[in-house]
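Beneath this line is the structure, given in structure tokens, with notes to follow.
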Amino acid sequence: MITNTEIATLLRQIAAAYQILNENRFRIIAYERAADSIEHLSSEAKDLWDDGKLKEIPGIGQAMADYLDELFRTGKVRHFEAVLKKVPASLFPLLSIPGLGPKKAYKLAISLKFSNPKSVISDLAQAVKSHKVASLEGFGEKSEADILEGIQAYQRGQIKEKRMVLPEADQLAQTIISYLKKLPSVRRVDSLGSLRRQVSTIGDIDIAVATTKSSEVIEHFCKYPHKKLIEKGPTGASLLLTNGRQVDLRVQKPAAYGAMLQYFTGSKNHNIKLREYALEKGLSLSEYGIKNLHTKKLKEFSTEEAFYQALDLSYIPPELREDQGEIEAALRSGISRTQGKPPLVKLTDVKGDLHVHTSYDLQPSHDLGADSIEKYLDQATKLGYEYLGISDHNPSLTNHSEKQIIRIMSDRKAYYEEHYYSWVKKLSKKSQTVGRYVQLVIMLEVDILTDGQLALPEMAFNYVDAVIASLHSSFTQEREKISERILKGITAHPKVRILGHPTCRMLGSREGVDADWEKIFKVCRQRDLALEINAYPQRLDLPDSLVFEAKKQGLHFCINTDAHATGQMNLMRYGVSVARRGWAVKDDIINTLGYNDFRKWLVK
DNA sequence: GCCGTTTTCGGCCCGACTGTTTTCAGTCG
């Protein structure tokens, strides 16, 4: 099967070929945009094709849809092949080298007669070393050195550190931010880019500083422990840290800080759409401010709020800036200013965590947690929660008879209740206030087996309030099979109320399962089931893009940490970020309900 | 080649940097 990445690569090759052939530059941009769009799709383009929905992809029109149709039917596109035949195939690998674009790569491939795409990069390195490049028109001494460095950077990139998960990036950014704040001339510091937008994985750390003494700040930044100073100029600097991570600093005077913050927060597509929108008003946007195209005057902005306001838009939270309709939405709410920003769900809205694993040994199919129920209750109290759901893994099927499992489950319920009541008792002795203790919900995380059956005998359901159903095996099943499996699992028992970490992805190590989400969402909606937004940093599952889709269909979500130790309950905020990136408001999230309402939803 | 609260034609984001140039093309974010 042809993947989105492969399609994107193919479209970028066409764009590059067209660039060399001096084709209309907007046609080139159209191909690049289509490539970006397909690469960032939340589902496989092939599946959309199956459903006849290719043209719903932004940047895919009639012509592109026809080409892709041919690609999926026959495995190739005659038009693409004809275009690619006009340029040497050996130029494409060269595009991976920083500093080389289509024109230069073409020039090199033709002039130096590179014919083998597999060896072209080492062929080029060889050519540079024997100074065959400097004499070419448009190249010089410096180009040779740059190309060599580019090849080395490319080779390093091959073994480059994986992208960071959010907490790792957060922590690193915080360390640097505290370091920068030591300087009195630093007025304000913010993270920028994907970290500020709370994207699930982060490449580089970008940081902004507002100051009137930019050179002093840059000097201070460059003294931060590092392996290599990559770049240093009047507006910022870049460091490669000893842990292999890159940090970019941008400085700006306070009066113009807002435009800079906006510009470098991105996303690229958000900024492009915003500039197009501004142009219609006769305004041109840049990192320095807003220029009136008639008077040619540049207006500066100290805050982002003022920047968006000057465009007649209500403030758009960074998590939404992905060109998914947020500008149109801000425009609508901007008509009645009082409505202000969209009421996205906040961390403080969350009233309970329904997915934690304790150390109580019920001989489970998977792992136990590290801490006792009392410790979890204490932590939930500390976090200000109204309720806590214990969702251990089900007892293993292979090691127990049905009767034994029922026994284990009944013992477990008795154990939790006993410990809960003595915990409450102890607490009420200590404090004067009566009532208002964290409520305990006895749940279970039950495997959906490969055939869609739940890994818990019918009788054992009597000992739980509700169940989270999750996949923990056979992630590579075919789309149709795994979709049926999930549907069977979530409808197998009325006590199933939540679909746990739905895609089962592991960031950086495992793709999510390939399932028919539209169908699954429909059934969840019919049965009023919640989709879990698992806040565990390697999961962040549902992914934000699917939250966005599910929300459109009116589904509810439950943000859980899946904590295996009490400390991990603090990771809730990353789940909230995912929800926000999917445009979820408080009412979309089941565990923002007060205990009584929540209980009404949970126990049917 | 895409796209539409100026919709089926005629537009299409902005600026920095760099090296090879002598006014700019190419690349990048």
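The sequence lines fix the lettering, A, B, ..., with proteins before strands; numbering per chain opens at 1. Keep in mind that this is a model prediction, so the values were computed, not measured.
- When the P atom is compared between B:dC28 and B:dT23, the two are found 25 Å apart, to the nearest whole Å.
- For B:dG1, the OP1/OP2 oxygens have a side-chain nitrogen or oxygen of A:Y67 closer than 4.0 Å.
- A:I60 has its CD1 atom 13 Å from the C1' atom of B:dC3, to the nearest Å.
- Where A:L293 and A:E231 each meet DNA chain B at their nearest nucleotide, the meeting point lying more 5' is that of A:L293.
- For A:R250 and B:dC17, the CZ to C1' distance is 11 Å, given to the nearest whole Å.
- Look at A:K46 and A:D514 and you find no salt bridge, because none of the NZ, NE, NH1 or NH2 atoms lies under 4.0 Å from a carboxylate O.
- One atom, CD of A:E141, and another, P of B:dT21, lie 12 Å apart when rounded to the nearest Å.
- In summary, of the residues considered (A:T303, A:D190, A:T211), a side chain to side chain donor-acceptor pair (under 3.5 Å) with A:Y257 occurs for A:D190 alone.
- Comparing B:dG10 with B:dC17, their C1' atoms sit 32 Å apart, to the nearest whole Å.
- With C1' as the reference atom, B:dC24 and B:dT20 are 9 Å apart, rounded to whole Å.
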> In the 5'-to-3' direction, what one-character label does each nucleotide of nucleotides 22-29 of chain B receive under the scheme B = base within less than 4.0 Å of a protein heavy atom, S = sugar-phosphate only, - = no such atom?
Replying inline: ----SSSB
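- The separation of B:dT6 from B:dG11, taken at their P atoms, amounts to 16 Å, rounded to a whole angstrom.
- The nucleotide whose nearest atom lies closest to any side-chain atom of A:K142 is, among B:dT20, B:dG1, B:dA16, B:dT20.
- The side chain of A:A63 lies closest to B:dG1 when the candidates are B:dG19, B:dT21, B:dG1.
- Taking atom OH of A:Y277 as the reference point, atom C1' of B:dT5 lies 12 Å away to the nearest angstrom.
- Nearest to the side chain of A:S143, among B:dG1, B:dT20, B:dA16, sits B:dT20.
- Separation of the C1' atoms belonging to B:dC2 and B:dT7 is 13 Å when rounded to the nearest angstrom.
- Counting non-hydrogen atoms under 4.0 angstrom, A:L274 reaches nothing in the nucleic acid.
- The nearest whole Å value for the distance from the CZ atom in A:F26 to the C1' atom in B:dG4 is 17 Å.
- Among the heavy atoms of the strands, none lies under 4.0 Å from A:Y106.
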List the atom pairs, with distances to 0.1 Å, where a side-chain N or O of residues 97-114 of chain A and a protein N or O form a donor-acceptor pair under 3.5 Å, not counting sequence neighbours.
unit_1: A:K103; atom_1: NZ; unit_2: A:N22; atom_2: OD1; d: 3.2
unit_1: A:S111; atom_1: OG; unit_2: A:K107; atom_2: O; d: 2.6

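- Taking 4.0 angstrom as the limit, A:Y288 places a side-chain polar atom (N or O) nearer than this to OP1 or OP2 of B:dA16.
- Within the 3.5 Å criterion, the main-chain N or O of A:T265 finds no donor-acceptor partner in the side chain of A:R196.
- Heavy atoms of A:N271 sit nowhere under 4.0 angstrom from any nucleic acid atom.
- Checking A:Y31 against A:S286, the closest nucleotide of DNA chain B that is more toward the 5' end is the one next to A:Y31.
- A salt bridge links A:E328 with A:K273: at least one charged nitrogen is closer than 4.0 Å to a carboxylate oxygen.
- A donor and an acceptor atom, one from each side chain of A:Q324 and A:N269, are nowhere located under 3.5 Å apart.
- Other residues, nucleotides and ligands place no more than 12 heavy atoms under 6.0 Å from the CD atom of A:E149.
- Taking the P atoms as reference points, B:dT27 lies 15 Å from B:dT21, given to the whole Å.
- Distance, A:R27 CZ to B:dG10 P: 17 Å, rounded to whole Å.
- Considering only the side chain of A:S284, B:dC14 comes nearest among B:dG19, B:dG1, B:dC14.
- A:D312 places its CG atom 18 Å from the P atom of B:dT5, with the value rounded to the nearest Å.
- Side chains of A:Q62 and A:D66: a donor on one and an acceptor on the other come within 3.5 Å.
- The pair A:R25-A:E32 does not count as a salt bridge, with every side-chain nitrogen at least 4.0 angstrom from each carboxylate oxygen.
- Base pairing of B:dT8 is not made with any nucleotide, judged by Watson-Crick or G-U wobble geometry with both donor-acceptor distances under 3.5 Å.
- Heavy atoms of A:L285 sit under 4.0 angstrom from primed sugar atoms or phosphate atoms, though from no base atom.
- A gap of 23 Å separates the P atoms of B:dT5 and B:dG1, to the nearest Å.
- For B:dT8 and B:dC3, the C1' atoms lie 10 Å apart once the distance is rounded to whole Å.
- Note: CD1 (A:I327) to P (B:dT5) measures 14 Å, nearest angstrom.
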